[in-house]
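Keep in mind it's a predicted model, so treat the numbers as computed, not measured. Sequence positions, counted from 1, serve as the residue numbers for this chain.
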Amino acid sequence: MLKQILDSFFSKVGEKLVEYGSAILTDKINLKSTLETLEKDLYSLSNKALDIEKTIKKAELSGKKKRKREVKEWLEQIEMIEKQFCTLEREVETKGFLRKFLNGDQATQLSTNVNKLVEQSRHFDELVYACETRGESLLTSNLLGRGIKENLERIEKFLESDKSSIGIYGMGGVGKTALAKHINNIILEKSQEKRVCWIMVSQVFTIKNLQDEIAHFIGLDLSDEYNEDKRAARLHRAIGNNFILILDDVWENICLEKLGDPLRLEGCRLILTTRSFEVCCRMGCQAKVEVKKLHMDEAWNLFKQILEQDSALAPEIEETAKNMAKVCDGLPLGIIVLAGSMRGETSIHVWINELEKLRDPNMVQDDKEDEVSRILKCSYDRLDLNHQQCFLHCSLYPEDFQIAKEELVRRFISEELVNKRKSRHLQVNQGHAILNKLVNVCLLESVDEDCVRMHDLVRAMALKITKRENMVISGFYSLNEIPNEEEWTKDLEKVSLMNNGITEIPGISPKCPNLKTLILHWNPLTFLPDKFFSHMHNLCFLDFSHTNIEKLPNSLSNLENLKALNLTSCEQLVDIPNLRKLKKLRELDLSRTAIKKVPQGMEELDNLRCLSMSATKFLDILPKGLLLHFPYLQCLHLPYQIKAPVEEIARLKHLEEFWGRVKNVSGFNEYIRSRQGQMSTIFYIIMVYGGVYKDFKRFFTGKDNRRNKLNIRQCDLKNGTEEDSIMLVHNIQFLKLEECEGLSNSFFDDLPRLNNLNSLEVLEISKCGGIERILTNEQFLTANQEFELRFLSLRTLEKIILSELHDFIGLIQNIGATVASALPQEAIFSSLRSLSIFKCNKMRKLGLPLLEFQNLEEIYIYNCDEIEEIIAVREGEGEGRGERRVISLPKFKELYLYDLPRLKSICNTAMFCSSIKTIQLIKCQELEKLPLYFDPTSPSPPQTLKEIWVGEGDEEWWESLEWEHPTHNHLLRQLVKFAG
């Protein structure tokens, strides 16, 4: 009987165990399926977020648009879910099956949240909203000559009169654009109500492009409308009053009705520049101003100014130089370029020889603009062959195009216009030296520190020189077909079809046996016929970047002379033919493509110098040993989802530039050791990632041109051997610590483990536990050689970014009298220009002494719940101005404070900021005073200050603020803008 009871009991227990095991197995399968679906959906959502973020940032760059609040919150929610998913993945992989079982509900909830965010994104109407803009001040040069200054005064008077349209005309290179730029700036300086929209028209334009430029300026989205008349009507309704439209370099009559008919609106004006008096008449200009050439004495003064002579010219050279200036016939562009080319020349024989070339009767032209071209050609002829080739390459870009210097230098290297036997580092230096020379001789114009441009007359001269060998049709956005096959002549060496609207290439096979360079980048190109490259056997440099091509033709496989293939940002590209025969290939750029595996035959490319595969989001693995087939590799960019094979990279003895991810600190140190003796020229961007790689966003944000960057993420910096905890960093300029454990409560104590960063310029710390401040009082009071070395690390810092540090309480511990007396004479953060702090909710005071603010240019503090005070001035600091003590922050330009609910004081005394440009005070309702000091007798606000942003609906709070002087509120009120 007992046996029967026991048998029955164990039988039922067995059934229950089987049932339980089956249920658990089902749950396990379901959870795995849920996780796989979640990962796929989240990956897709994250890619959409990246696209939206990219679109928003592009719109925000203009300063005319801001992201909508719902979109901002949507992006923040995605970031939070990505973090939760990474945590879930780590737990699933490290904490066993029971944890997997318990995490089922969490995975399901995450999946539900992802689906909600996907649905929400389908209902976004607009991603950004327009914020008011008045236009931008433009870089100007000194106006030369009595005539042009008189013209400036005339135009100012016309603007004050009832004349609504002004035409500025004169021959090319005479200074029309320079005059118009001064007018642009004067309008912005003199009036707070007027808005100035500057548009460069040039010979290549379409009405749609002009409409888009105006719409972009006023913050109107016309992307859903294609009819020109309907677009014009929407522009007219949106432009508003007091709108000044400046059209530079107009070549033909433009129908203003198509541009929103601005002259029918109150207070609106049109200013245009053109080479043709007839264009002024046809466009109905009520005032016409001719810009004439310089008088002889003015021309000579300009010539001397461009020569930049430290001492007087020798008498015989001066006489020759005067005659050269006379040949330029008072045309500023000719004088500037010719004098620039003679800068530094001391031989009288060279001067006389150049003058004779200018006077050559066989070269004299009847047409004045051809005469200008001849003068420009003389300056070109003075260049050596290498500089000439680089100069002519710049003419492949569209007219009036702002060309990025970095891009030009890369092209110089790709096309072997710099010494190909040099190291990559020296090639880059040589490329920039060539650009500097072309700017110094005035054949290129420097737009800013990043870009150059060619004057349209200089470009025309360059195209004339290369008209037999080059076909350049670039910047015609309405052009959607490539030239006919008969236009592809056998003499062609370079073809540039960049920045057009070409969508498809028909089944042609151009017979161009001498063609070496083909550029088709920035076209919406989707298809290439298989035979397209069949008769281009000498093609060396091929650029299809930023196109929509999905598949490259098989004829590419036979381009055995190809040296550079640029496919970057071909985001639809999945199919690349076999590359086995491309033995001469030196550069291959596959970054931001959709390839899922490396192209076949790639292991045969043993001449490769540069290989870029960054941001190839579907490429998950590299064939083992692949990199060892490229012994001469100088530049390697890998996607961050691939763990870099450090053991292979260590054997690449010529490698100078590396972007990629290593698994841990030991891997990073192994890479650094392999580069010993080379660190002065090495350029690296490395992620050290201790977690399971589920990264969905780029880890370096914003524009930053610094060379050596290191991101340490999800690493325990105190775990493992002592060797593993020390980073062998060298020459590092950008350091980001993210989600790391093991940091000390003072970052100052971690500097020895980071090898005392004596080149560090940017420090970013995010989501790291334990860290409370950068420095403590005790560290100030401890004076020894080791601490001095650490102080040196901080003195090179230019930018600090701190975010989501839950233990952080301030940069430096509260400074008492004892510590104040021990402060070094030189500021510890003596190079600091930018300080950003986000979501540090324990910080009550910033804790940065006044001495440290002297070079600071910008402060950003967002979402810090407890902060009460930004700048604390100690007794005796500052200077007396009447009854007040005032501190001076001479370089301070931008103050951005957002969502600081307890902030009571920006500074406990008045601040004199002679460079201040922008102030933002949003959601800072406890703030009682804006301590900005300026001359109380002045009838206007500080000239540098352009705008003050406050929150929508904060008018009452603004009016309640205290001021350093009763007039300040009234004067600053006109600069206040309300953010939605």
Assess the side chains of [X] and [Y]: does a donor N or O sit below 3.5 Å from an acceptor N or O?
X: T489; Y: D491; answer: no
X: K581; Y: N558; answer: yes
X: E550; Y: Q572; answer: no
X: K584; Y: N561; answer: yes
X: T796; Y: S831; answer: no
X: S414; Y: E587; answer: yes

Would you say that more than 12 heavy atoms from the other residues, nucleotides or ligands in this model lie under 6.0 Å from the [atom1] of [X], or not?
X: K490; atom1: NZ; value: no
X: I621; atom1: CD1; value: no
X: E407; atom1: CD; value: yes
X: K516; atom1: NZ; value: no
X: K422; atom1: NZ; value: yes

With L565 as partner, the option from L539, I576, L556 fulfilling side chain to side chain contact (heavy atoms under 4.5 Å, CB included) is L556

Report the residue from L443, V447, N436, L408 that forms a side chain to side chain contact (heavy atoms under 4.5 Å, CB included) with V452. L408

Got a second to check how far [X]'s [atom1] is from [Y]'s [atom2], nearest 0.5 Å?
X: N386; Y: I434; atom1: CG; atom2: CD1; answer: 4.0 Å
X: M471; Y: I482; atom1: CE; atom2: CD1; answer: 7.5 Å
X: F541; Y: R411; atom1: CZ; atom2: CZ; answer: 11.5 Å
X: L552; Y: C570; atom1: CG; atom2: SG; answer: 7.5 Å
X: F544; Y: N566; atom1: CZ; atom2: CG; answer: 11.0 Å
X: D606; Y: F630; atom1: CG; atom2: CZ; answer: 9.0 Å

Candidate pair K583 and E604, rule salt bridge (charged side-chain N to carboxylate O under 4.0 Å, His left out), full reasoning: CA-CA 7 Å; K583 297 282 192 178; E604 300 289 333; 2.9 Å; yes

Has [X] got a side-chain atom pairing as donor or acceptor with [Y]'s backbone, closer than 3.5 angstrom?
X: S496; Y: V472; answer: no
X: T526; Y: T503; answer: yes
X: N500; Y: I502; answer: no
X: R459; Y: D400; answer: no

Salt bridge check, [Y] against [X]: does any charged N sit closer than 4.0 Å to a carboxylate O?
X: K494; Y: E469; answer: no
X: E571; Y: R592; answer: no
X: E603; Y: R580; answer: no

Sequence neighbours excluded, which residues qualify as salt bridge (Lys or Arg N to Asp or Glu O under 4.0 Å) partners of E399? none

Angle class for the Y671/F658 ring planes (parallel below 30°, perpendicular above 60°, tilted otherwise)? tilted

Relative to each other, are the rings of H546 and W522 parallel, tilted or perpendicular (30° and 60° limits)? parallel

Kindly confirm or rule out a cation-pi arrangement of R609 over Y632, judged by NZ or CZ under 6.0 Å from the six-membered ring centre and within 45° of its axis? yes

Minimum heavy-atom separation for S534 and S509, please, with both atom names. CB-OG, 3.6 Å

How far apart are the C-alpha atoms of R713 and E739, what are their side-chain angles, what is the distance that settles it, and do they pass the salt bridge (charged side-chain N to carboxylate O under 4.0 Å, His left out) test? CA-CA 6 Å; R713 185 169 185 185; E739 297 181 61; 3.5 Å; yes

Sort and list the pairs that fulfil side-chain hydrogen bond (donor to acceptor under 3.5 Å, both in side chains) and have at least one residue in residues 439-448, not counting sequence neighbours. E445-R453

Any chance you could lay out the side-chain contact (heavy atoms from CB on, under 4.5 Å) test for L383 and L438, step after step, and finish with the verdict? CA-CA 9 Å; L383 299 172; L438 294 176; 3.9 Å; yes

As a quick check of understanding, evaluate side-chain contact (heavy atoms from CB on, under 4.5 Å) for T616 and I642, giving each step before the final call. CA-CA 10 Å; T616 47; I642 290 180; over 6 Å; no

